[in-house]
Each structure stands twice: as C-alpha cells, then as structure tokens.
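Written out below as structure tokens is the structure these notes cover.
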Amino acid sequence: MGALKLSLGLLFLLLALAQAGKNFQLFRQYILKQQEERAIKEISHRLRLLVQASAPTTWIPPIESTIRQPLDHFNRQNPFTFNQRFWINEEFWRHPDGPVFLYIGGESALSMFSVLSGHHVEMAEKYGALLVALEHRFYGASLNPDGLEDHNLFYLSSQQGLSDLVSFRLFITQKYNLTVNNTWICFGGSYPGSLAAWFRLKFPHLVFAAVSSSAPVRAQLDFKGYNKVVAESLLNPVVGGSRKCHEAVAEAFSTVDSLIHAKQMEKLAKDFHSCAALTEASDLVELVGNLASVFMGAVQYNDKGVVWGSVAGLCRIMTNSTGSPYQRLMVVNNMFLESMKEPCLENSHKKMLEELRSTNLSTSGVGIRQWFFQTCNEFGYYQTCEDSTCLFSRLITLQSLVDICSKVFNISLNQLPEAVAFTNEYYGADLPKASRVLFVNGDIDPWHVLSVLKNQSRSESALLINGTSHCADMRSSCPTDPLPLVRARKRINAQVGEWLELAQKITGGS
Ligand SMILES: *[C@@H]1O[C@H](CO)[C@@H](O)[C@H](O)[C@H]1NC(C)=O
Ligand SMILES: *[C@@H]1O[C@H](CO)[C@@H](O)[C@H](O)[C@H]1NC(C)=O
Ligand SMILES: *[C@@H]1O[C@H](CO)[C@@H](O)[C@H](O)[C@H]1NC(C)=O
Ligand SMILES: *[C@@H]1O[C@H](CO)[C@@H](O)[C@H](O)[C@H]1NC(C)=O
Ligand SMILES: *[C@@H]1O[C@H](CO)[C@@H](O)[C@H](O)[C@H]1NC(C)=O
Ligand SMILES: *[C@@H]1O[C@H](CO)[C@@H](O)[C@H](O)[C@H]1NC(C)=O
Ligand SMILES: *[C@@H]1O[C@H](CO)[C@@H](O)[C@H](O)[C@H]1NC(C)=O
C-alpha cells in the first residue's frame, strides 16, 4: 500500500443537540455539507498532486461493510437482528501487532471519512494503527426498514450501543486474528465522546484507553448552562464577542418578546418571513427557538465559512450601527434563510411534531427523531432559556421542550427526572472513576459544562482548550489553527503515545 496521506482539514463530526427546531437542523446540515465539500476538495487535491508527481502509490479505499447484530443484547431469546455499518482503513496498520483505533459513531450517519480524516487518523498514521469505525445503531443505514417505529425505538439506548461495540470488537479481533499485542484505543466526540469514556469505564478489558472529546457525560434535564455559555461566548473577545454584541442580542430578543406580549403577530410574521401566520402559542415558541438557534449554532460550531456562522461574524452584524438591534436580528434571519435557500421561516409546531413522528428512513445526516427519543429516554439536555443569564426569549421553557416527549413518544414528564438520574448513577456523571481516559473540551463550546473539566486522577485527566468550540480537537490539523488548539492536539498525541508504550510494557508485546 502506498504512503498516501489523507490529511483532510475536516472530519464528519457528530454534533449532539436536543434542539428540535427547524433552523437548528438547517444549521447542522449546512455545517455537515460544508465539511463534506471541503474534505472532498482536499482529497481530490491530494490525489491530483500524487498523479502529477507520478507517485508509485495505489490508494485502496476503506472497506465498508455491515455486521449482523442482535436487536436486543439483553435478551438472547429475542430473535430479531439488524445490520450495522462499519468502515476499516488498513492503510497505516503495522501488521500484525499495531494498535487498533476505534472511532465511535453517534447520532448521525457515519461515512468513510470516519476512517480517512481527523486527528485520530493523523495519529493512526504516526502509531501504525488499524482504523475501524462503527455507526451507532438506529442512525444512518444501521437499522431495519421498520426500525423507527415506536416499538423498535425502545431498543435504542447507550447501553445497547455499548454492547454493539463489544460484538464489533470481537468481530474485528476474529477477522484480523488480533491478540493481546493489539492495543485498542477508542475515540469519539459529543455523544460518542461519552460512549468512548463509558466503553473504557464499563469494559476496561476490551479497550486500553479512550480520548473523549466534548462529551456531555453528565445528563441533565434542564440544561440551563448551555445558553449561559452561549451568552458568555458572545462576550468573549477571544472569538470576536464583546459587551456591545451581548447587549445588542439581549435587546433584540427583548423587543421580540415585547411584540409577542403586545400580540403583534402579523408584524413578527412579516419581519421574520414566517411561512404561515403565527396563530398558535406553540408556533411563537418555534419562532423564538428558530431565531435563537442561529446564535446557538454560531457559538457551538463557530464556523467562519459564512458571516452568520461564527461568533465574530454574528457580532459584526449585531453591532453594526445601522438600525436597531431588532432590525439587525432581521438581517441575521434574512442572511440565514438566503444561505439555506429557504423561501421562508418554518415556525409550525405541528409540522415539527409530524417530522419527529415520521418513521421515514434517511440514511444520511442527523437522526432527529432517534436523538430526540434518546434525550427523552436517557439524557434530557434541554436547552432552556428561563435562567436570567439567557439572552433569548423566556418562552423557551423546559415545559415546552419536554412536552415533545409526551406528544411524540408518549413518555410522560414524570418519568424524565428518574431516567436522567439513572443515567448519571449508571455511568458516574462527571465523576466517572474510570482510568486512562482523556477528556478534551473547548471553553467556547456550550456543552463543556456537562463534561469532565478537571483531572480526576493521574490516569483520568482533562484538557480545556482556550477559545475553541465543539469537537475542534478532532479535526485534522490545519495551518490556521489557533495556538491553544495546536498545543492541545500535541498533548493528546503524546498521551496516546504514552498509553501505547505502557501497553507494550504490560503485554510485553509490540
Ligand atoms: C487468521 O488465521 C487463520 C487461521 O490461522 C488464517 O487462515 C487467516 O488467513 C488469518 N487471517 C488474517 C487476516 O491474518
Ligand atoms: C451595516 O449595515 C448596513 C445596512 O444593512 C450595510 O450596508 C453595511 O455594509 C453594514 N456594515 C458592516 C460593517 O457590516
Ligand atoms: C414520509 O414519506 C411519505 C411517503 O413517501 C411522505 O408522503 C411523507 O411526506 C414523508 N413524511 C415526512 C415527514 O417526511
Ligand atoms: C401512553 O401511555 C399511557 C401510560 O403509559 C398508556 O395508558 C396509553 O395507552 C399510551 N398511549 C398511546 C397512544 O400509546
Ligand atoms: C492534569 O494531568 C496532566 C497529566 O495527565 C498534567 O500534565 C496536567 O498538568 C494536569 N493538570 C492539572 C491542572 O493538574
Ligand atoms: C485565553 O487566551 C486569551 C488570549 O488569547 C487570554 O487573554 C485569556 O486570558 C485566556 N483565557 C483563559 C481562561 O485562560
Ligand atoms: C506478542 O508479541 C511478542 C513480541 O513480539 C511475542 O513474543 C508474543 O508471542 C506475541 N503474543 C501473541 C499472543 O501473539
């Protein structure tokens, strides 16, 4: 196999969000598409260079295949199964004793880029690792045609997901005749970051160590902290925030709330290009959620590709001295809709519920129905705006979000606190008492407050990166990366190297 290096700038990230609103979905799709386009551009560039240089190399694309999994790992008598997708990249593997890097999938479809692009791929090249990636059950193509029916969704949980990793590990071990000399290290970001830490925590005999990026390991029903960090990040000069920006955003949303209070529905519908009249109270909640989503997304992703996609870009618009903050919010909304090629803003709560109820399969993108089910059943994570620090509308209440659980899945509000408490009890929340786990977070990212931010012990350590957002460390290195991110990747790399050395001492192997 040739020495073709695929150092793609971006990786197909899996970005957890309980936000069900239309705009957040559009934002997320946009980010995924941007990353895909950039990745493909970089691959073609790289391949073109190789052809020009007549490099003696053949590029073997990753193996894509499926493994048959039991639908229910906890009832061996249940005969039902489903096919789970995985990818393997053997390109860098130092046969037969090199390590295995397991990339864990989450709440959206994976692709071959999960074994071709990202910091874990750079490290696989350095350490001669076999790269394997497993798509999460019920997302992407990893489910049966009737998989999204309510009665099947009950087989979607983090516990079943971890058990899928157990059988996948066994499958790979058999396929490649692996021995104790092949050290397994797992990687994941966002929800899969939690799974990476939990795989090491619950199955220490199966995986030697874990890098857990932007992992919200503490489940929380009312996730007030999300919008608290959004407000702080809009104030943070490191990413282009300012007091002026923070104040303008607060003022704009306060004007929206006053108009709602004054029953100026027609004006609101017109100013924000609502697809339909705002007749129901629940449609108003959608409207303010959609408007807030652009700011939440800009902080979470901080993508500089478009002006509304980053903190600096949004703050530039919001602090423009032309017009009132409310008018600048209209400008943000217009720019967003234009970029998304959306003719109008979809504020229908009824349509949103229909979409969450739909069992139509889509083998790409984020599984919004599935992820919302997991929030209702395990994690909560509802990004409310009832706290005084929140800059957006007070209409974004916990009640408005958990209502969706009962309306869509018939899961009652009474069950939720206990479900969340069980998750924290089961995994240890942000004090997981694992070993050989490195928790990595960015301090701009709203999710970091639910993760492990301080060293727990010598072998369970934490790294908080100044000025970066969700899962930034997982992307491939890029010349424009800020210094704290460069340093963080160096430290992650060194930690992985130390683990591999330690493993060698323990097994006496490679
Ligand atoms: C694994 O071992 C079996 C039996 O020894 C052998 O036939 C097979 O080729 C080996 N597979 C790999 C991938 O090395
Ligand atoms: C400020 O807003 C006006 C009117 O929307 C626009 O023409 C101008 O380009 C903006 N200035 C900056 C610096 O964005
Ligand atoms: C689901 O698929 C059916 C049949 O193709 C279609 O009529 C319906 O609009 C789809 N629903 C959603 C929410 O996409
Ligand atoms: C919803 O749940 C309740 C109690 O768990 C049950 O009695 C009811 O039949 C369920 N409704 C539907 C539509 O499934
Ligand atoms: C956390 O642990 C790492 C080593 O695992 C060490 O380099 C770092 O200085 C520690 N940080 C703090 C704040 O103690
Ligand atoms: C982050 O870096 C900036 C300089 O870019 C510095 O002013 C700030 O104090 C740092 N923040 C923390 C929490 O270390
Ligand atoms: C592991 O590697 C060591 C050193 O190369 C070798 O002696 C040993 O047989 C290997 N163990 C297995 C199970 O292959």
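Ligands are counted one by one from 1 in listed order, and the atoms in each one are counted from 1 as well. What you see is a predicted model, and the numbers here were worked out from it, not measured in a lab.
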Within the 4.0 Å heavy-atom shell around S461, which atoms of ligand 5 are there?
2 (O), 5 (O)
Backbone N or O of A215 within a donor-acceptor pair of the S212 side chain at under 3.5 Å?
no
Any protein heavy-atom neighbour for atom 14 (O) of ligand 6 (distance below 4.0 angstrom)?
yes
Of all the non-hydrogen atoms in the protein, which one sits nearest to atom 4 (C) of ligand 6, and at what distance?
V238 CG2, 4.5 Å
Polar atom proximity, D443 to ligand 6 (N or O, under 3.5 Å):
no
For atom 6 (C) of ligand 7, state which one of T179, N181, L178 supplies the nearest heavy atom.
N181
What I want to find out is whether R489 reaches D481 closely enough, with some N-O distance under 4.0 Å, to be called a salt bridge.
yes
Got the closest protein heavy atom to atom 3 (C) of ligand 5, with its distance?
R491 NH2, 3.4 Å
K454 touching ligand 5 at heavy-atom level, < 4.0 angstrom
no
Note: R137-D164 ion pair, threshold 4.0 Å (strictly below)
yes
What residue and heavy atom of the protein are closest to atom 2 (O) of ligand 6, and at what distance?
N466 ND2, 2.3 Å
Are R218 and D430 ion-paired here, with the side-chain N under 4.0 Å from a carboxylate O?
yes
At what distance is the nearest protein heavy atom to atom 10 (C) of ligand 5, and which residue and atom is it?
N455 ND2, 2.4 Å
For I444 against V229, the heavy-atom pair lying closest together
O-CG1, 3.5 Å
In terms of ring plane angle, is the pair F86 and F168 parallel, tilted or perpendicular, where the classes change at 30° and 60°?
tilted
Which label fits W447 and H470: parallel for a plane angle under 30°, tilted from 30 to 60°, or perpendicular past 60°?
tilted
